[in-house]
Amino acid sequence: MLATIISYIPDWTIFGQAGIALLFPLLGHLFYKGLYSLTGSGRAVESPGTKKGKPPKGPSAAKAGGDSTPAHKGFSGDYASDLKYIKDTIGKNSDLHFKEFTMGRLQKQAMFIFVDGMQDDRQLNLKILQYLMSEATAESLSGQGMSGSGLPFSQLTEASDLTTFNQSVLFGHAGLLVEGLPQGLLIEPPGSTDRTLGEPVSEALLRGPRLGFSEVLSVNTSILRRQGLNDQLEMISYRAGTRIQKDIVLAYMKDIVNPELLKEVETRISKLDIDFLAESGYIEQLIEDNYLSPFQQVQNTERPDRVINALLEGRIAILLDGTPFALIVPVTFSMLLQSPEDYYERWLPSSLIRMLRFAASFMALMAPALYISFISFHPGLIPTELALSIIETRQGVPFPSVIEVLILEISIEILREAGIRLPKPVGPAMGIVGGLIIGDAAVNAGIVSPFLVIVVAVTAISSFSIPMYSTGLTLRLLRFVGMGFAAILGMFGTILFFLLLCSHLTRLKSFGVPYLTPVSPFRLSDWKDLFFRSPLSLMKRRPAMMKTQDSRRKS
């Protein structure tokens with residue numbers, strides 16, 4: 001009887017594997033916790049007097065509630081009162097300029113208002129302003145809708161009310177407020193600033209706008225203004241850098257954004273302490289919640305349409321002078337696998353493509369680890385005919401499966417990096433031809449098996465389907481970690497690696513928003529735009545996780 005019981009007890013190596021499997025996460029947690037506390041990465045909120053950056057020009061909180069289309073307010077006829085209203089409503093925008101002067105012929109005070117980057121500065125300063133200060137008369141400013149001959153503007157109209165005046169100025173007109181005139185005037189300049197704007201390189205679409213951000217901050221802010229007529233888009237300017245200073249702009253919808261989120265972003269931006277911000281990636285690394293995490297907690301994009309849609313969800317955009325990449329906060333994991341094209345096509349094909357994208361990301365992360373686990377530790381889990389075929393193709397291969405995978409994966413990564421650094425006409429051809437030649441040569445030399453070439457090829461193609469390049473980098477890094485777990489513990493290690501990854505993602509946050517929302521914590525209302533995209537007619541509310549002031553997309 002005792003002998004029978006003893007025969008059912010597993011070999012001591014099984015207990016050893018189980019002990020190691022339990023030891024790995026414990027040691028990893030202790031190391032991670034010690035390193036995180038040692039580097040002092042906790043974000044203590046300092047008082048406003050200790051901020052390193054330039055204090056915000058606007059309020060930290062937008063007004064609670066409210067309609068996005070405010071009631072129209074008429075002109076009072078009093079120059080000082082109307083000017084005060086304009087400054088109180090839209091004067092907080094950092095890209096809005098006020099120039100006060102005296103009109104020579106009329107001998108009256110006037111205020112010229114325009115948005116930086118929306119017009120040609122040479123036309124404004126040398127022609128329009130010079131004309132207004134020296135030659136303008138009451139008859140020439142009658143505002144009949146068309147300018148007379150010889151006047152330096154294409155069109156001159158009277159604003160019906162202050163609300164229309166503000167919206168027109170933010171949308172590209174130059175505004176003129178003259179002492180004694182009962183209404184404001186809107187001037188359309190004869191031309192705008194010439195810009196060389198192209199299609200985003202890192203986020204190309206088949207269907208959608210072909211416009212991307214440039215390296216000029218004023219151009220980027222004007223591109224956001226040109227997305228549509230809205231006076232709720234507010235921009236706040238900062239200046240950061242202890243040696244070389246650069247301008248930063250926070251953009252948000254003041255009637256939608258969560259005031260607490262805005263205050264947190266303002267606090268982190270104002271605490272930036274660095275010699276020089278060469279690119280928005282510096283800001284991304286300095287303001288993220290957990291810099292020890294391999295996952296990005298700030299989304300970067302070249303697409304203005306993606307930024308505007310994010311602002312309408314209650315998020316905040318960060319634009320830096322000198323780079324075409326804007327930052328969006330907060331971010332969730334599902335956002336990194338979504339493309340703007342998902343919303344430009346009909347919902348059924350878009351949902352299918354999005355689900356394929358999620359499946360491809362799983363393959364890009366786990367395929368090599370699963371191959372090592374099945375081949376080296378659990379070949380019995382493979383169907384018999386397939387297992388025999390794989391064994392036959394591996395005859396004569398001198399390396400274990402983990403070395404095989406490392407050889408091919410490292411080769412693919414080198415080819416991918418070389419394809420990026422080479423000139424554009426040569427890079428894509430080099431990547432494709434080089435991969436084919438190396439894979440075929442490795443099989444003919446007996447270094448790797450043909451089946452592994454298929455696995456690595458599927459893994460590489462799956463990683464190409466991820467819309468965000470930074471997300472692909474993260475999965476490429478974690479792929480090697482998963483291979484290490486699989487090489488040591490087999491399928492136990494692969495499952496352990498996946499569980500540790502899920503545990504980390506569950507705890508990770510981006511500006512207070514859980515990274516796996518709406519999966520964890522579970523929010524059923526936000527599942528309409530997760531693995532599949534619901535019809536636009538059913539997406540009537542903004543994401544509940546953003547806690548926006550106005551939760552309805554449609555009224």
Side-chain angles (χ1 to χ4, degrees), residues 7-18 20-21 24 337 351-413 435-436 438-466 472 475-476 478-502 531-532:
S7 65
Y8 282 103
I9 298 177
D11 189 67
W12 66 272
T13 57
I14 302 298
F15 290 103
Q17 290 183 357
I20 295 175
F24 262 88
L337 298 180
S351 299
L352 175 61
I353 292 173
R354 182 179 291 185
M355 286 187 285
L356 286 175
R357 208 177 289 136
F358 274 90
S361 64
F362 180 81
M363 293 293 296
L365 176 65
M366 301 298 296
L370 290 172
Y371 174 83
I372 295 172
S373 300
F374 284 129
I375 297 301
S376 299
F377 292 87
H378 308 285
L381 297 177
I382 306 175
T384 304
E385 295 183 1
L386 179 60
L388 293 176
S389 176
I390 295 174
I391 291 172
E392 183 179 354
T393 58
R394 294 195 77 251
Q395 294 296 325
V397 176
F399 302 113
S401 59
V402 62
I403 303 298
E404 271 189 290
V405 176
L406 283 175
I407 291 174
L408 271 189
E409 283 290 346
I410 293 176
S411 301
I412 291 294
E413 292 300 326
L436 292 174
I438 288 180
D440 184 64
V443 171
N444 293 334
I447 299 176
V448 299
S449 65
F451 187 80
L452 176 61
V453 175
I454 297 175
V455 173
V456 173
V458 170
T459 303
I461 293 173
S462 299
S463 64
F464 291 146
S465 67
I466 299 172
L475 296 184
R476 285 158 58 185
L478 294 174
R479 184 191 308 157
F480 287 93
V481 179
M483 289 160 52
F485 273 81
I488 297 174
L489 300 173
M491 187 58 71
F492 291 108
T494 303
I495 296 174
L496 176 63
F497 165 71
F498 187 72
L499 292 178
L500 289 175
L501 205 59
C502 292
F531 300 112
F532 66 94

For the residue pair Leu500 and Phe485, establish whether any side-chain heavy-atom pair is separated by less than 4.5 Å.
yes
Less than 4.5 Å apart, any side-chain heavy atom of Ile382 and any of Ile375?
yes
Among residues at least two apart in sequence or on other chains, which ones pass side chain to side chain donor-acceptor pair (under 3.5 Å) with Ser463?
Arg416
Can you confirm whether Leu406 sits close enough to Phe480 that some side-chain heavy atom of one is under 4.5 Å from a side-chain heavy atom of the other?
yes
Please identify each residue that fulfils ring pair (Phe, Tyr, Trp, His ring centres under 6.0 Å) with Phe358, with sequence neighbours left out.
Phe531
At what distance, to the nearest 0.5 angstrom, does CD1 of Ile410 lie from CD1 of Ile412?
11.5 Å
Pairwise side chain to side chain donor-acceptor pair (under 3.5 Å) hits with a residue in residues 485-502, at least two apart
Ser373-Thr494
Which heavy atom of Thr393 sits nearest a heavy atom of Ile390, and at what distance?
OG1-O, 2.7 Å
All heavy atoms of Ser449 vs all of Val397, minimum pair found to be N-CG2, 4.2 Å
Going by the angle between their ring planes, with limits at 30° and 60°, are His378 and Phe492 parallel, tilted or perpendicular?
perpendicular
Euclidean distance, Thr459 OG1 relative to Leu452 CG, rounded to 0.5 Å:
9.0 Å
Please list all pairs passing the salt bridge (charged side-chain N to carboxylate O under 4.0 Å, His left out) test where one or both residues lie in residues 355-370, with sequence neighbours left out.
Asp342-Arg357
For a quick test of reading the model, state the closest non-hydrogen atom pair linking Ala367 to Val455 and the distance between them.
O-CG1, 4.2 Å
To the nearest 0.5 Å, what is the distance between CD1 on Ile454 and OH on Tyr371?
10.0 Å
The complete set of salt bridge (charged side-chain N to carboxylate O under 4.0 Å, His left out) pairs with one or both residues in residues 387-412, sequence neighbours excluded, reads Arg394-Glu404, Glu409-Arg479
Return the OG to CG distance between Ser361 and Leu337, rounded to the nearest 0.5 Å.
5.0 Å
Return the CZ to CG distance between Phe362 and Leu475, rounded to the nearest 0.5 Å.
11.5 Å
Any Leu478 side-chain heavy atom under 4.5 Å of Phe497 side chain:
yes
Work out which heavy atom in Ala486 is nearest to a heavy atom in Ala369; give both atom names and the distance.
CB-O, 3.4 Å
Taking the side chain as C-beta and beyond, is there a heavy-atom pair between Leu501 and Leu365 under 4.5 Å?
yes
Got a sec, which residues hit side chain to side chain donor-acceptor pair (under 3.5 Å) with Ser389, two or more places apart in sequence or on another chain?
none
